[in-house]
Amino acid sequence: MYPNLNAELARRNIKRTDIAKDLFNGRTATVSDKLNGRYPLQLSEAIKIKKRYFPELELGYLFEPEKELEEVK
């Protein structure tokens, strides 16, 4: 759902379990569901992820949905 976020997580070897442990009370399934688009990711949650792991990157870049990327091509 968020290809840029997934790419940055892979580059830095950050796992969804890390995000769950640090920001979502240990619920990896919750993180996966939100990042896969099964449940909405709240703006406050996206900001937490950005601040914790990617303070130098733009929020819009990290959480640009896959659909918007396809429309640009």
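From a predicted model like this one, the values you see are computed outputs, not experimental measurements.
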Response to the item:
In short, ring-ring contact (aromatic ring centres under 6.0 Å, His included) pairs touching residues 44-64 with sequence neighbours left out are Tyr2-Phe63
Discussion item. Apply side-chain contact (heavy atoms from CB on, under 4.5 Å) to residues Met1 and Asn36 and explain how you reach the verdict.
Written reply: CA-CA 5 Å; Met1 176 104 193; Asn36 289 333; 5.5 Å; no
Worksheet item: If you measure from CG on Leu59 to NZ on Lys51, what distance do you get to the nearest 0.5 Å?
Response: 10.0 Å
Worksheet item: Looking only at heavy atoms, which two atoms of Leu5 and Leu35 are closest? And how far apart?
Response: CD2-CD2, 3.7 Å
Show me the side-chain donor-acceptor pairs of residues 38-45 shorter than 3.5 Å, one per line, residues at least two apart or across chains.
residue: Arg38; atom: NH1; partner: Asp33; partner atom: OD1; Å: 3.3
residue: Glu45; atom: OE1; partner: Lys34; partner atom: NZ; Å: 3.0
residue: Glu45; atom: OE1; partner: Gln42; partner atom: N; Å: 2.8
residue: Glu45; atom: OE2; partner: Lys34; partner atom: NZ; Å: 3.1

Worksheet entry | Option from Ile47, Asp22, Ile19 for which side chain to side chain contact (heavy atoms under 4.5 Å, CB included) with Arg52 holds | Asp22
Fill in: Donor-acceptor contact present, side-chain Lys50 to main-chain Leu57, <3.5 Å
yes
Fill in: Any residue meeting side chain to side chain contact (heavy atoms under 4.5 Å, CB included) with Lys15, in chain and number order, not counting sequence neighbours
Asn13, Thr17, Asp18
Fill in: Check: Gly26 main-chain N/O paired with Lys21 side-chain donor or acceptor under 3.5 Å
no
Worksheet, complete the sentence: Closest heavy-atom pair, Pro3 versus Pro65, reported as atoms and distance to 0.1 Å, is CD-C, 4.3 Å
Discussion item. Could you work out, with salt bridge (Lys or Arg N to Asp or Glu O under 4.0 Å) as the rule, every residue matching Arg12, not counting sequence neighbours?
Written reply: Glu8, Glu56
Discussion item. Whether the Asn6 and Arg11 side chains hold a donor-acceptor pair (N or O, under 3.5 Å, no angle test) is what I'd like checked.
Written reply: no
